[in-house]
Amino acid sequence: MEDIRLFGRDAELALLRGLVDGVRAGAGAAVLVEGEQGVGKSALLRAGLSGAEQAGCLVWWGVADQVDRMFPLQLVMGCVSAEDPALMHAYLASSEGALAVDPVSARMERLLAIVDRMCAKSPVILVAENLQWADEASVTVWRRLSRAASQMPLLLAGSARPGSGRDDLGRLRRGLVSHGGTVLTLGALSEDDIAGLVRDVVGGLPGPRLASVLRRAGGNPLYARELADALAREGRLRVSGTVAELADSPSMIEVPPSLAAVLQERLRGLPGDVENVLRRAALLGLEFSVFDLEILTGRTAGELMGVVQAGVAAGVLTEAALQLSFRHALVRQLLYEEVIGRAHV
């Protein structure tokens with residue numbers, strides 16, 4: 001795995017590297033990395049677990065996507081079959097004759113046996129990213145392994161976005177904590193960390209105008225990186241010495257297409273009609289009240305409660321009493337631009 005430059009994650013990085021040292025010495029553990037889209041969960045896992053294979057660990061790595069929930073055990077199968085998919089498939093299928101009434105359960109037991117067998121040969125690191133999209137059977141296997149990880153040389157690592165509303169992920173998280181596992185919650189980066197990240201992208205520390213635009217990213221490293229990179233590609237930045245500055249007014253900056261695609265993917269993950277309500281809320285500004293939203297949508301506060309809760313849980317909104325605000329000004333800007341664009345069609 002390549003060496004990845006991280007900002008603002010020193011403590012989390014040290015913890016992961018300590019867990020790798022522990023599993024090499026025979027002490028297993030389980031860790032779940034939580035955080036919103038783009039906050040750096042994957043980058044932290046890659047950096048924290050880099051070098052584990054060279055140190056003698058067997059590393060299995062799987063990444064769920066949005067279609068995986070349709071296929072039982074898709075995520076876990078992707079993890080353990082990476083080295084020889086055909087052989088692993090045949091081995092798993094051999095269990096189905098005895099328990100044909102429930103082949104998924106049969107495969108689950110066989111997967112658990114595979115992990116146990118491999119742990120007897122060498123330390124094992126099993127990584128499952130994007131658990132919010134994983135199929136339920138894979139989440140069940142992950143939860144069962146998390147209970148047993150401390151009893152074998154197994155480091156179980158996962159990542160998930162908050163706000164999925166899935167009961168099985170809630171049980172997984174609670175079980176992890178109750179069995180001595182670790183939950184790492186990644187928050188926003190500081191302005192200094194964002195400045196360091198942007199310096200690596202564009203070759204200079206942000207000047208006042210560029211810093212003002214970058215605040216719209218709300219401390220999200222992916223959003224800040226995409227924004228800075230797009231501005232540089234468009235020739236809208238000027239680097240003088242160690243400072244990178246915006247060549248025109250911050251108010252003239254629209255959400256770049258590459259970043260808009262990232263933000264839209266995040267919004268599509270929201271349940272029901274939440275996105276539609278948020279799009280209308282964007283017309284009210286960065287901050288607004290529940291009363292304002294009632295007037296705009298024609299819904300009562302009670303009817304809006306589910307929308308607000310979903311937005312807060314997903315990290316799109318923040319809430320203080322009856323006052324709400326968009327967590328990221330870029331998200332609000334994107335929604336606003338979409339509404340205005342449709343109005344002019």
Side-chain angles (χ1 to χ4, degrees), residues 2 4-9 35-47 63-67 129-130 132-133 159 161 163 186-189 191 193-207 209-239 244-270 274-275 278-279 282 286 311 314-317 326-342 344-345:
E2 61 179 327
I4 299 169
R5 181 174 169 84
L6 293 178
F7 291 86
R9 308 297 187 203
E36 66 180 26
Q37 175 201 49
V39 79
K41 301 182 294 296
S42 295
L44 175 66
L45 286 170
R46 290 197 301 272
V63 182
D65 61 35
Q66 289 173 305
V67 301
E129 292 194 67
N130 292 337
Q132 76 278 358
W133 290 329
S159 69
R161 295 182 195 174
L186 303 186
L189 295 183
E191 287 197 22
D193 288 326
I194 290 293
L197 181 153
V198 170
R199 178 187 56 205
D200 280 5
V201 174
V202 303
L205 288 169
R209 292 196 299 276
L210 178 56
S212 174
V213 171
L214 291 171
R215 290 189 191 102
R216 301 177 192 175
N220 184 296
L222 174 63
Y223 299 172
R225 185 184 298 111
E226 286 286 339
L227 184 56
D229 187 52
L231 291 172
R233 289 196 309 269
E234 294 169 4
R236 304 183 70 173
L237 297 183
R238 301 289 182 268
V239 180
E245 186 55 286
L246 193 64
D248 46 21
S249 170
S251 63
M252 300 174 63
I253 303 300
E254 296 182 352
V255 180
S258 59
L259 180 53
V262 172
L263 297 176
Q264 286 164 348
E265 187 273 325
R266 176 178 184 173
L267 292 170
R268 282 195 298 270
L270 292 171
V274 175
E275 183 180 353
L278 292 178
R279 186 175 287 108
L286 188 62
V316 177
L317 296 178
F326 283 93
R327 168 75 177 78
H328 299 286
L330 282 171
V331 172
R332 182 260 164 181
Q333 184 179 345
L334 173 69
L335 293 170
Y336 178 83
E337 289 174 359
E338 288 181 349
V339 173
I340 298 302
R342 291 178 181 181
H344 287 86
V345 173

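Everything quoted here is computed from the prediction, not taken from an experiment.
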What's the shortest heavy-atom distance between [X] and [Y], and which atoms?
X: I253; Y: Q333; answer: O-NE2, 2.7 Å
X: G196; Y: L205; answer: N-CD2, 4.4 Å
X: L197; Y: P221; answer: CD1-CB, 3.6 Å
X: V39; Y: N220; answer: N-ND2, 3.9 Å
X: A230; Y: S258; answer: CB-OG, 4.4 Å
X: G8; Y: D193; answer: CA-OD2, 3.3 Å

How long is the span from the [atom1] atom in [X] to the [atom2] atom in [Y], to the nearest 0.5 Å?
X: I194; Y: R199; atom1: CD1; atom2: CZ; result: 12.5 Å
X: L259; Y: R225; atom1: CG; atom2: CZ; result: 11.5 Å
X: R209; Y: S249; atom1: CZ; atom2: OG; result: 8.5 Å
X: L335; Y: Q264; atom1: CG; atom2: CD; result: 9.0 Å
X: L231; Y: E245; atom1: CG; atom2: CD; result: 11.0 Å
X: D200; Y: F7; atom1: CG; atom2: CZ; result: 4.0 Å

Would you check if the side chain of [X] reaches a backbone N or O of [Y] as a donor-acceptor pair within less than 3.5 Å?
X: R236; Y: A247; value: no
X: E226; Y: P256; value: no
X: R266; Y: E36; value: no
X: R327; Y: G315; value: no
X: R238; Y: G235; value: yes

Query raised in the report: Given side chains that start at C-beta, do those of L278 and V331 come closer than 4.5 Å, heavy atoms only?
Result: no
Report task. Measure the shortest side-chain to side-chain distance between R9 and L189 over non-hydrogen atoms and say whether it is less than 4.5 angstrom. Result -> yes
Query raised in the report: Given the rule in the side-chain contact (heavy atoms from CB on, under 4.5 Å) test, do L334 and L267 qualify, once you have shown the distances and angles that lead to the verdict?
Result: CA-CA 11 Å; L334 173 69; L267 292 170; 4.2 Å; yes
Query raised in the report: Excluding sequence neighbours, so at least two apart, what forms side chain to side chain contact (heavy atoms under 4.5 Å, CB included) with V63?
Result: W61, E129, N130
Requested in this report: Output yes when E191 and R215 qualify as a salt bridge under the 4.0 Å nitrogen-oxygen rule, no when they do not.
Outcome: yes
Query raised in the report: Taking everything shown except Y336 itself, do over 12 heavy atoms lie less than 6.0 Å from its OH?
Result: no
Query - Atom CD of E234 with >12 non-hydrogen neighbours under 6.0 angstrom - result: yes
**Report entry** Partner residues of E265 under the side chain to side chain donor-acceptor pair (under 3.5 Å) criterion, sequence neighbours left out
**Finding:** Q37, R161
